[in-house]
Structure formats: C-alpha cells, structure tokens
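One structure is given below, encoded as structure tokens.
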Amino acid sequence: MSQPETIAKLIERSNRLGSDPKNTNYAGGNTSAKGQALDPASGETIELMWVKGSGGDLGTLTEAGLAVLRLDRIRGLKKVYRGVRHEDEMVAALDFCLHGNSGAAPSIDTAMHALVDKAHIDHLHPDSGIAIATSKDGEGLTKKIFGDRVVWVPWRRPGFQLGLDIEKIQTQNPQAIGCILGGHGMTAWGDTSSQTEKHSLEIIKSAERYIRQHGKKEPFGRPVAGFQALKPASRSERASAIAPLLRGLASTDKPMVGHFTDAPEVLEFMASTKYKKLAALGTSCPDHFLRTKVRPLAVDLPGDTDIEKLKARILKLHQQFRADYERYYRSFAKKDSPAMRGADPAIVLIPGVGMFSFGVNKQTARVAGEFYINAINVMRGAEAISSYEPIAEAEKFAIEYWLLEEAKLLRMPKPKRLSTRVAFITGSASGIGKAIAERVVAEGGCVVVADLNFEAAQQVAENLGRDAALAVSVDVTSEESIKAALADAVRHFGGVDLIVNNAGLSLSKPLLETTERDWDLQHDVMAKGSFLVSREAARILIEQGMGGDIIYISSKNSVFAGPYNIAYSATKADQAHQVRLLAAELGAHSIRVNGINPDGVVRGSGIFADGWGAARAKVYGVKEAELGNYYAQRTLLKREVLPETVANAVVALTTGDLSHTTGLHIPVDAGVAAAFLR
C-alpha cells in the first residue's frame, strides 16, 4: 500500500471510530498505521509509523494531527530504557524518533503502537470496554467474554513499559486480536486497517452484549425516595438559580466557564442507592479524571430542598471538597511534583436537577460533563456484572500531576484576553451589538446574543460557533423576558461577567411632532431597558462574587444638544447618568460600570437602516448614502466611525488594562468638540 493510501485509510478509520461515542470519548484514544517510505536524506526505504498525536481527536483527525516516527529508532529505545523509574526519559526520547519536521507531537501511548508487531493498532476508551477494565474481577470477565481472543493487561500507567508489556502479550498470544487494559480501556490490532477496525468493534460490541445479557436490572440499586428527577421546568428553574453560586465557587482559584446537563443518565445515577458511594470512588480511565478531577462534588440533598438551604449545603460541601483535595495533593505530592493546580471541583452533581461541569472555556466545560457521563456509563456496566473498582488514588495522582502532563499544559497557547468571560449583549443581532459579539469571541470570550429578532440572533450565534455563542430572545422592555434570557444564559455558560446595554432605536422628530408614544417607546427600550437588564444581571454578578463589567452604549447625544431629537437624546442622557449611579453603587462588589458614546455609526447599523438614517440625512441636507461621510467630515479626525470601532472600546474597557476605571464615558465619535466631556 502506498504512503498516501496508508495515511488516507488510517484517517478514515479514525474518523469512523471517533465519531461514535460508544467507541471512544472526545480526544480520547489513538490509532496508528505502519508502512514504508523513502528517506529523502539517504534515498533508502525506511519503516515509518503514523499515529494520532498528543491532544488530537479521532473523530476530526486530519493528516496534520498525525505524528510521524521512524520505527527503527523507537524500537531502538529498548537499548537505552532504564526501567519504570525512568519512564519520563522515554517521552523526551520520542522527539529524536520523529521523521521530518512536520506533524503533531507524539502522545504518551506512542510506544504501545510502535512496539506491537502489527501494521495497524487502535487504542480506544469505550464505555463497555472500560466497564470490564474497572470491574473487580475484570481479568476473569475478560477470559469469560472473549476467550483467548482478548488478553487481560493489569493496570500500568501509560508509557514505554506498557508498550513493552503489550508487545510481550501479543507475541505470546498470536491468536489474540487485542487486550483489555486494566482500569483504562482497550487496544486492538490487525494486519490491515479494515481488519483492525473490525477487531476493535468486535471487542466493543462483545462487551456491550455481555453487559446487556448478563447485567443486573438495577446496577445502581433501588431509586431513593425524594431524589428522583424534578419536572423539566423545575429543573431548569433550579439550575438557573444555583448556577451563579456554583460558578463562583468553581472559580475560587481561577475563573471558569460552566455547562449544565440534565441528561437521563445523570438523573438516574443521582437518584440511586449507590450514588454517594460510587461518586466518592471517582473515575478511573486517565482521560476521564484528567478532565473531571479525581471525584465530583456530590450534593446529598433532594432537588426540591429549600433553595437557601440547598445553597448553604453547597457552600459547606465546597469547603469540604477543597480540604479533601488539598489532603489528596499533600498525601501523594513529591518534591518535584508540579504545584497544586486548583482545589475546586470540575463536576458538581445536584440530585433531581442535573450536573454542572466547569472548564477554562465552554468546550472544556462541556467535554468534562460528557466525560463524566462516560464515567457513569462505565460504573453502570461494572456494577451490572461485578463491582466498580477504579485505580488507586496514588495512581490517579501520578497521572494528574505527571511532569509530562504538566509539560503538556505549559505548551498550551496563552489564554486570550477575554478567555473565561461571558458577555450578555442586548441588540446584538446586527450593527454595533453584532460587532461587539464578534470581537468578544475573537478575544476568547463567550457571548449571549440577545435580541428581539431571535432568528437573526440565531444566525449570528451559529456563525460564531457552538461553544462560543448562545442566541436568546429578549424584549428589554419586559422584566420577565429579561429574567428568562439571563436564566438561559447562566444555565448555558454558568453565569455572566460582561453586560452590554446596546439595544436601541431612534425616531428623529422635532419637538412639536414628537408624540407621547415616541417618547415612551424610546425611554422604554433604552432607559428602562438598560435599568432592567443591569438590575437583573447585577443579581447574578453579585452572587457569583467574581466582579464584572456593565457597559452602556450611550451616545454623543447624551451630552450634545442638537435639534429635532428630543426623545432619543433625553433617553441617552438617562443612560449616561445610570452609568455614574451604578458605578457608585456596584463598586463594592468589584463591578465596574462604564459607558461608550458613539456617533455617526451608519454602516451596518440597524437604527440607521430603519428610517433613522433617512431622517438624519434630511435634517443635514445630504443624501442618505453620503451620511457616513458627512458625519466623518464634521469630526476632528475626519474618520468614519464603524461598529467595529465601538467594539474596540468595549475590549479596551474590559480586558484588564483599565481595571481601576469605573464611571467613565469614552467618546467614540472621531472627535466632536461640542460633545467633549467637561
């Protein structure tokens, strides 16, 4: 098989296996293929191995995600390997086995793929396979389920020695198609790509079938009265009420983004007799506990407990969790261990309500939750046919605080300026709000695209990406609509940090033509709307205890007296003073309140496109198409103000450089002397 064909088949196999969560979890496992290639440095034919690199995901793997290594060099490492105590040396040695200067970094499982004398290998983390691997009598079950086609491998930390172990087992068992790795997962091999995939699926499906046919009817025990799932509406309401507190607690050491799910597997697990015992045992597969932490914070009260009593219990359990985690760290840390990375939970379980998961971004938080669902499935399978017995905590610590894991974390890109921050932006389906949303995401933040036009908001959110944005429908003149939109936001992201009051409209009329309805409409949307959004958001910001920012997109007209604009300018002046009033009140909670005064933002503006532009052009005696340039020419800088220009000011106010600034209005008008603040 040619080199391009070998690589193509490897990627196709990887994508098929990785796209089904029954086969492996996100970014878990690795696949490989061996083949021959011409060495451009010598002109000789050499043996190479292509293997999924460190941190990649099988379901989305491309050629760029493969590490390419020379087999003779990896196998030659046997001569210099000094034993398990010097395992870490072998990972550094893998860099000297790379072929060429492209491709991904080799993963810790590279030796397993290289040393086993088969052309194609799959190492996967299927729930059914890990259920066998974490069963108390996993070795006996492996023999019972698979006969001599699959061999048991006792737990060993991933690395060069594990590769040697599996090489020996494969050599001694030529009839075998793979192995179950105790406490970890499974590995399958074959002579061709299709045969290897067939063997992987045989192991996975055989384990699934055995658990289904021989497992207990209630592997988690009988349901516990009072701990059953609340009705969907009640679950949502409770999740929204608890989320800000949980996010603040999970961010005690460093800011986190949250994710919530009330998946049936989670609700069933928390309502069972074995819930407390199994949750305390923690996860087993390294891919699981590296993302979910050694164990979850498991609340021990029914979901319908009085909300204040529930919060008080969560606060106490969080203190206990931190103390337990610090003891765990001290128990196993050595002189050269990395510093403790944080003692807060990554997973919080609320019986009857659902599961909250936390991470440095939305994807990490979501994936942590998905991994814990994998862990629940593993525990269900193990308890169905045996009893769940994860690897020892000393082994978990050895992997969690492995120097190699620390080096991997240090190689990660530096967080962007708005990383971990969640912005709730009103009127963000178009114009200035849309530009702010796009800029926040570009700076690493998450966005709630809140707009009266829900379809337009959905399109903006879709363009920004699944884990970056959420669209919500909001009418800022309605208190209930605002509460519902913010409730959606905190369930989705755990909370909010940055509020942008941007929703607005304008009617340009002389005083004598301005109706009471004109006046009320503009004040309801901008003055009242900003007040209501700020008030409801402040409740969340205060309970989180993480500080925050409230930004008002006001206007040059808040300080500039111009003709034919009484209702709009008056309401903008109202907004401008709200900034000062709220800055004075909310500073005690580390919440900063600032304003931005744009002018002449014509291009992309929803307001100008909705008749305002034509009206203003008429006032100034210019064509509507020339209005942007007209505004630019009357400024000191002679530059047109764009939605992106306003977004720049939002970033300047919220990324930390102006951390000690509150109560400020920034003009973004290219210089209008009559609107200078004084």
Heavy-atom pair with the smallest gap, counting every atom of [X] and [Y]:
{"X": "T283", "Y": "P390", "result": "O-CB, 4.0 Å"}
{"X": "D451", "Y": "S428", "result": "OD2-N, 3.2 Å"}
{"X": "S473", "Y": "A485", "result": "O-CB, 4.0 Å"}
{"X": "M340", "Y": "A343", "result": "CE-CB, 4.2 Å"}

Under the ring-ring contact (aromatic ring centres under 6.0 Å, His included) test, residues paired with [X] that sit two or more places apart:
{"X": "F358", "answer": "none"}
{"X": "F260", "answer": "F356"}
{"X": "Y275", "answer": "F269"}
{"X": "H125", "answer": "H123, H184"}

Answer yes or no: is there a side-chain heavy-atom contact under 4.5 Å between I550 and I591?
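Of all side-chain heavy-atom pairs linking I591 with I550, at least one is under 4.5 Å.
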Decide yes or no for D497 and D549: does some side-chain heavy atom of the first lie under 4.5 Å from some side-chain heavy atom of the second?
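Not touching, per the 4.5 Å side-chain cut-off.
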is_close_aromatic(F332, Y401), centroid dist under 6.0 Å:
no
Does any pair with a residue in residues 369-394 pass ring-ring contact (aromatic ring centres under 6.0 Å, His included), and if so which ones, sequence neighbours excluded?
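Applying ring-ring contact (aromatic ring centres under 6.0 Å, His included) to every pair that reaches into residues 369-394, excluding sequence neighbours, yields H288-F371.
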Applying side chain to side chain contact (heavy atoms under 4.5 Å, CB included), name anything that partners [X], two or more places apart in sequence or on another chain.
{"X": "D475", "value": "L452, T477, S478, S481"}
{"X": "A456", "value": "A429, N453"}
{"X": "T252", "value": "H318, R322, D344"}
{"X": "A368", "value": "I347, S357"}

Are a donor atom and an acceptor atom from the side chains of [X] and [Y] found within less than 3.5 Å of each other?
{"X": "D137", "Y": "S386", "answer": "yes"}
{"X": "D324", "Y": "Q320", "answer": "no"}
{"X": "N374", "Y": "N25", "answer": "no"}
{"X": "E400", "Y": "Y329", "answer": "no"}

Quick check for you: to the nearest 0.5 Å, what is the distance between [X] atom [atom1] and [Y] atom [atom2]?
{"X": "I211", "Y": "I132", "atom1": "CD1", "atom2": "CD1", "answer": "4.5 Å"}
{"X": "M186", "Y": "I177", "atom1": "CE", "atom2": "CD1", "answer": "8.0 Å"}
{"X": "H214", "Y": "K144", "atom1": "NE2", "atom2": "NZ", "answer": "6.5 Å"}

For D304, give me all partners under side-chain hydrogen bond (donor to acceptor under 3.5 Å, both in side chains), at least two apart in sequence or on another chain.
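D304 satisfies side-chain hydrogen bond (donor to acceptor under 3.5 Å, both in side chains) with no other residue.
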Partner set under side-chain hydrogen bond (donor to acceptor under 3.5 Å, both in side chains) for K293, not counting sequence neighbours:
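K293: no side-chain hydrogen bond (donor to acceptor under 3.5 Å, both in side chains) contacts found.
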State plainly whether the residues E370 and R366 are in salt-bridge range, i.e. N to O under 4.0 Å.
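Salt bridge between E370 and R366, a charged N being under 4.0 Å from a carboxylate O: yes.
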Does M256 offer a backbone N or O that forms a donor-acceptor pair with the side chain of S251 under 3.5 Å?
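Checking the backbone N and O of M256 against the side chain of S251, a donor-acceptor pair under 3.5 Å is found.
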Less than 3.5 Å apart, which donor and acceptor atoms pair up between the side chains of residues 220-230 and the rest of the protein, not counting sequence neighbours?
| unit_1 | atom_1 | unit_2 | atom_2 | d |
| --- | --- | --- | --- | --- |
| R222 | NH1 | E218 | OE1 | 3.4 |
| Q228 | OE1 | G226 | N | 2.8 |

Among K483, R491, R235, whose side chain to side chain donor-acceptor pair (under 3.5 Å) with S240 holds?
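Among the candidates, only R491 passes.
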